[in-house]
Amino acid sequence: MASGGSAIRGSRVGAGPMGEQDRGFHADRIKVSYWDALGNETVRYFAANLPDEEIPERIDCPSSGLPAGRDKANPPSVVKLEPYKTHLAYVKERRTEEEAESLLEEALQQLRVRRGKLSATN
């Protein structure tokens, strides 16, 4: 037979003097439903005294990972992903040597101006 502690049978250890109402189990709540593009419904509960502005219009649906909105008839659309680019696609987007030199010169000029401002204030 196991024995230990002086807890009364049926009581929770560490519950303390608070009752369930003090912990919020019976607090007034409102039910808000969210729908994603696949038709999944997610229900969230919020405190009844919470202003409507603080209840989010969109959440991430836990079952699909898609954004979910409160409007069942018009849920948020699925996020469009960019297609994978090959290395050649990036090579084709590179700037010409003249553009690269002008960008470098412009960046160096901005650094010189900032450095001049810093040395003038010290």
Side-chain angles (χ1 to χ4, degrees):
M1 178 163 179
S3 64
S6 60
I8 300 169
R9 185 175 181 192
S11 68
R12 287 179 282 168
V13 175
M18 289 194 300
E20 288 183 350
Q21 287 184 333
D22 298 326
R23 286 194 202 91
F25 291 121
H26 299 291
D28 291 334
R29 296 180 289 171
I30 56 170
K31 174 183 168 182
V32 179
S33 294
Y34 294 91
W35 288 272
D36 67 2
L38 301 176
N40 297 321
E41 180 184 12
T42 302
V43 177
R44 295 278 190 254
Y45 292 92
F46 296 95
N49 59 357
L50 194 66
D52 200 35
E53 304 88 47
E54 292 188 25
I55 297 175
E57 286 294 319
R58 289 185 175 188
I59 61 167
D60 289 333
C61 181
S63 59
S64 66
L66 299 172
R70 294 170 69 179
D71 185 8
K72 183 178 182 178
N74 190 18
S77 61
V78 178
V79 179
K80 300 213 178 354
L81 299 175
E82 290 291 323
Y84 175 76
K85 280 184 163 180
T86 62
H87 177 69
L88 287 175
Y90 284 108
V91 170
K92 288 179 184 176
E93 289 181 1
R94 286 187 184 160
R95 294 186 164 86
T96 63
E97 289 296 320
E98 295 81 26
E99 287 177 311
E101 287 176 12
S102 66
L103 283 172
L104 178 62
E105 187 59 39
E106 183 181 328
L108 289 173
Q109 196 67 20
Q110 288 177 354
L111 283 172
R112 289 182 190 121
V113 169
R114 287 183 192 156
R115 194 175 280 173
K117 287 181 183 177
L118 286 175
S119 63
T121 57
N122 291 336

Arg58 meets the salt bridge (charged side-chain N to carboxylate O under 4.0 Å, His left out) criterion, sequence neighbours left out, with none
At what distance, to the nearest 0.5 angstrom, does OG of Ser64 lie from CG of Asn40?
5.0 Å
Cluster membership besides Val78, Ile/Leu/Val/Met/Phe/Trp/Tyr side chains within less than 4.5 angstrom, sorted by chain and number, is Leu38, Leu66
Do Ile55 and Trp35 belong to the same hydrophobic cluster, where Ile, Leu, Val, Met, Phe, Trp and Tyr are linked whenever their side-chain heavy atoms lie under 4.5 Å apart, directly or via other members?
no
Grab the two heavy atoms, one from Pro62 and one from Thr42, that are nearest each other, plus how far apart they are.
CD-OG1, 3.6 Å
Rounded to the nearest 0.5 Å, what's the gap from CD1 on Ile59 to CG on Asp36? Could you check?
9.5 Å
Short question: side chain of Glu54, backbone of Pro51 - any donor-acceptor pair under 3.5 Å?
no
Closest heavy-atom pair, Arg70 versus Pro56, reported as atoms and distance to 0.1 Å, is CD-O, 3.5 Å
Once you round to the nearest 0.5 Å, how far does CG of Asp52 lie from CZ of Phe46?
10.5 Å
Minimum heavy-atom separation for Ile30 and Ala47, please, with both atom names.
CG1-O, 4.2 Å
For atom CD of Glu97, decide whether the heavy atoms of other residues, nucleotides or ligands shown that lie under 6.0 angstrom number more than 12.
no
Minimum heavy-atom distance between Pro67 and Ser77, given as atom pair plus value:
CG-O, 4.0 Å
Is any side-chain heavy atom of Pro76 less than 4.5 Å from a side-chain heavy atom of Tyr34?
no
